[in-house]
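What you are looking at is a predicted structure, and each value in this text was computed from that prediction instead of being measured. Numbered from 1 within each chain, the chains take letters A, B, ... in sequence-line order.
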2 protein chains.
Amino acid sequence: MSDLLERLRGRGWRLTAQRRVVAEVLDGDHVHLTADEVHARAVERLPEISRATVYNTLGELVSLGEVLEVATDRRAKRYDPNAHRPHQHLVCARCGAIRDVHPSGNPLADLPETERFGFTVSDVEVTYRGVCPRCAAA
Amino acid sequence: MSDLLERLRGRGWRLTAQRRVVAEVLDGDHVHLTADEVHARAVERLPEISRATVYNTLGELVSLGEVLEVATDRRAKRYDPNAHRPHQHLVCARCGAIRDVHPSGNPLADLPETERFGFTVSDVEVTYRGVCPRCAAA
DNA sequence: TCCTACGATGGACTTTGTCTAAGTAAAGTG
DNA sequence: CACTTTACTTAGACAAAGTCCATCGTAGGA
């Protein structure tokens, strides 16, 4: 975490209270918060932080590659701080719970050259959908 | 196409001009329109069709399994009429162009049992991202 | 300590989508 | 063919998610 702040500082980031709080909120594994959720948690620590700042900071973290934007949900974007270990997502179709998962093999390799149509393919996003044990029991 | 209308009729659909137009607009390969684009094209043929009807009809087509909702874009949902042949999507990160692609193997099989955490996994959505030849040239 | 450019703020605005009450018409019935 | 039922459509209000902008504040260097 503090290494994240160090990295950001190294990139010329001005280290404000707001940015620190956003970074802290995003710390941890299996964290997939929406911008509004990040804002809600940030407000607990820094009541006057604005929505615009949260959006700005999240956008900056994404373009620096420190945080991933994931679209598991068809509504709000979610922000995943686990950007440095490649992984995919498993989503419960009922309750929306999200788990990080690690499929075997590299999904990028599954796209043959003949199916690339001249694109330079650099990234792949995989979302598995199903029903989690808790929803299945209920 | 007309077989789609037949199928819908068979399911007890009341066949209105509006629904017919929406179905016609969605006909074809590599069609990935947003709801608003569908509406815009529908209006050309049936000027008084409302946005609400387009949304309703698209939602019905999706729950009947005749059309897929895809979230390649981080903004609006896109509707893909090619629901009966499994495929994935390749998206240009610059211009947003979308191609249907057919990876080798079944992506669902790449998720080992140990990575399923008790979920009943039923579906997988794969989005490849890259730069299309036209954007690369520009 | 002071300055200044970068960042934060709140509110207006946009986009995408949902909901509702009232009107309209598809398709079955006689 | 006219009638009736009720599913469907409509316009517009509403909501959620996100962007933009003018203004103010402050981090961090001189």
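- Side-chain polar atoms of B/His30 and B/Asn82 form no donor-acceptor pair below 3.5 angstrom.
- In the region residues 43-60 of chain B, proximity to DNA chain C at under 4.0 angstrom, judged on heavy atoms, holds for B/Arg51, B/Ala52, B/Tyr55.
- In 5' to 3' order, the nucleotides of DNA chain C bounding all contacts with chain A (an atom under 4.0 Å from a heavy atom) are C/dA5 to C/dG10.
- Separating the CG atom of A/Asp36 from the P atom of D/dT19 is a distance of 12 Å, rounded to the nearest angstrom.
- The shortest distance between side-chain heavy atoms of B/Arg11 and B/Leu64 falls below 4.5 Å.
- Looking only at distances, a side-chain donor or acceptor of B/Arg78 sits under 3.5 Å from a matching main-chain atom of B/His32.
- For the pair B/Arg51 (side chain) and B/His39 (backbone), a donor-acceptor distance under 3.5 Å is absent.
- Between B/Asp100 and B/His89 the shortest side-chain heavy-atom distance falls below 4.5 Å.
- Counting heavy atoms from C-beta on, the side chains of B/Cys92 and B/Arg134 never come closer than 4.5 Å.
- Between A/His102 and A/His87, the ring planes lie tilted relative to each other; the angle falls in the 30° to 60° range.
- In this structure, B/Arg41 contributes its side chain and B/Val25 its backbone to no donor-acceptor pair below 3.5 Å.
- Looking at A/Glu37, its side chain does come within 3.5 Å of a backbone N or O of A/Thr34 through a donor-acceptor pair.
- Remark: the backbone N or O of B/Val21 is not paired with any side-chain donor or acceptor of B/Arg45 at under 3.5 angstrom.
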Considering only nitrogen or oxygen atoms on both sides, find all protein atoms under 3.5 Å from nucleotides 22-30 of chain D and state each distance.
residue	atom	partner	partner atom	Å
D/dG28	OP1	A/Leu15	N	2.9

